[in-house]
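Notes follow the structure.
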Amino acid sequence: MAFLMKSMLSNQVKNLGLGGGGEESKEESTPSDPAAAAGMTREEYEEYQKQMVEEKMERDAAFAQKKAERACLRVHLREKYRLPKSELDENQIQMAGDDVGLPEDLQKMVAEDQVEEEDKDSILGQLQNIQNMDMDAIKEKAQATFTEMKQAAEQKCSMM
């Protein structure tokens, strides 16, 4: 009941203009023009808005280019390791539009990896791998495999 009385009386006082209407005057004092609110003329504000839109478009284009470069790198790695292709990466490359390639520093890294892999695939690389092998572990593994095969053969063959 007190709430009802208070709301009715406050509405009547607001209508009379005897106070309590400070909120309305604050809204009226703020300018409705955004240019005036920013302290600029209309032309300055329009020029400012154009610059903002242009900068946003430039940032978006640079971001799309970076995304396409990353997608290109992922496609390259998928081809290298024979992984399934991703449509998302292909779409990002197509959205970038222009010719997208790997950045120079990534191209250098890829070239270094290819040189290392070629070295490993060569005969000299294979010989170096043989030198690095643990021969004792290989012998133990071969003996364990031989004994397992011998036991399996003895179980299957009644002559042995």
Side-chain angles (χ1 to χ4, degrees), residues 3 7 11 14 20-153 155-156:
F3 173 73
S7 65
N11 286 337
K14 285 181 186 177
E23 295 175 7
E24 292 177 12
S25 64
K26 287 181 184 175
E27 291 176 6
E28 292 174 5
S29 67
T30 58
S32 61
D33 189 20
M40 300 180 207
T41 64
R42 188 77 167 150
E43 293 82 22
E44 289 175 338
Y45 186 73
E46 288 175 1
E47 183 65 30
Y48 174 73
Q49 288 297 324
K50 286 180 185 177
Q51 288 177 350
M52 295 299 288
V53 169
E54 289 174 1
E55 289 176 4
K56 184 180 183 323
M57 289 174 57
E58 289 174 6
R59 285 193 309 268
D60 290 345
F63 182 67
Q65 180 70 22
K66 289 290 184 182
K67 283 177 69 172
E69 288 175 356
R70 291 183 197 117
C72 187
L73 177 65
R74 287 191 296 270
V75 166
H76 175 76
L77 290 174
R78 283 191 176 98
E79 288 174 0
K80 179 180 176 181
Y81 294 110
R82 298 181 185 103
L83 298 173
K85 294 182 179 180
S86 171
E87 291 182 25
L88 179 65
D89 289 341
E90 293 173 3
N91 291 339
Q92 286 179 348
I93 292 172
Q94 289 176 356
M95 286 175 56
D98 54 353
D99 188 27
V100 178
L102 293 175
E104 291 180 19
D105 51 343
L106 292 177
Q107 286 178 352
K108 290 177 185 176
M109 290 172 53
V110 168
E112 290 173 2
D113 288 345
Q114 287 177 347
V115 169
E116 289 177 9
E117 287 182 12
E118 289 173 1
D119 289 343
K120 289 180 182 178
D121 290 341
S122 69
I123 294 174
L124 293 175
Q126 295 297 329
L127 289 175
Q128 288 177 351
N129 286 342
I130 290 174
Q131 292 175 355
N132 295 335
M133 287 186 196
D134 186 14
M135 294 304 278
D136 293 331
I138 294 173
K139 284 180 185 177
E140 290 175 11
K141 187 173 182 180
Q143 288 176 351
T145 305
F146 180 73
T147 55
E148 288 176 13
M149 289 174 48
K150 186 176 178 183
Q151 290 174 356
Q155 291 175 353
K156 290 182 181 177

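Quick caveat: nothing in here was measured; it's all calculated off a predicted structure.
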query = Can a donor-acceptor pair be found between the side chains of Glu44 and Tyr48 at a distance below 3.5 Å?
reply = no

ask   = At what distance, to the nearest 0.5 angstrom, does CD of Gln143 lie from CD1 of Ile138?
value = 12.5 Å

key: Note, Tyr45 side chain near Gln49 side chain (heavy atom, < 4.5 Å)   = yes

query = CD of Glu140 to OG1 of Thr145: how many Å apart, nearest 0.5 Å?
reply = 11.5 Å

For residues 70-79, please give each side-chain donor-acceptor pair under 3.5 Å, one per line with the distance, not counting sequence neighbours.
| unit_1 | atom_1 | unit_2 | atom_2 | d |
| --- | --- | --- | --- | --- |
| Arg74 | NE | Asp89 | OD1 | 3.0 |
| Arg74 | NE | Asp89 | OD2 | 3.3 |
| Arg74 | NH2 | Asp89 | OD1 | 2.8 |
| Arg74 | NH2 | Gln92 | OE1 | 3.2 |
| Arg78 | NE | Pro84 | O | 3.3 |
| Arg78 | NH1 | Asp89 | OD2 | 2.3 |

ask   = Once you round to the nearest 0.5 Å, how far does CD of Glu43 lie from CD of Glu47?
value = 10.5 Å

inquiry  = For Glu87, I'd like to know if atom CD has over 12 heavy atoms of other residues, nucleotides or ligands within 6.0 Å.
reply    = no

ask   = Looking at CD of Glu54 and NZ of Lys56, how far apart are the two atoms once the value is rounded to the nearest 0.5 Å?
value = 13.5 Å

query = Hey, what do you get for CD (Gln65) to CG (Asp60), rounding to the nearest 0.5 Å?
reply = 13.5 Å

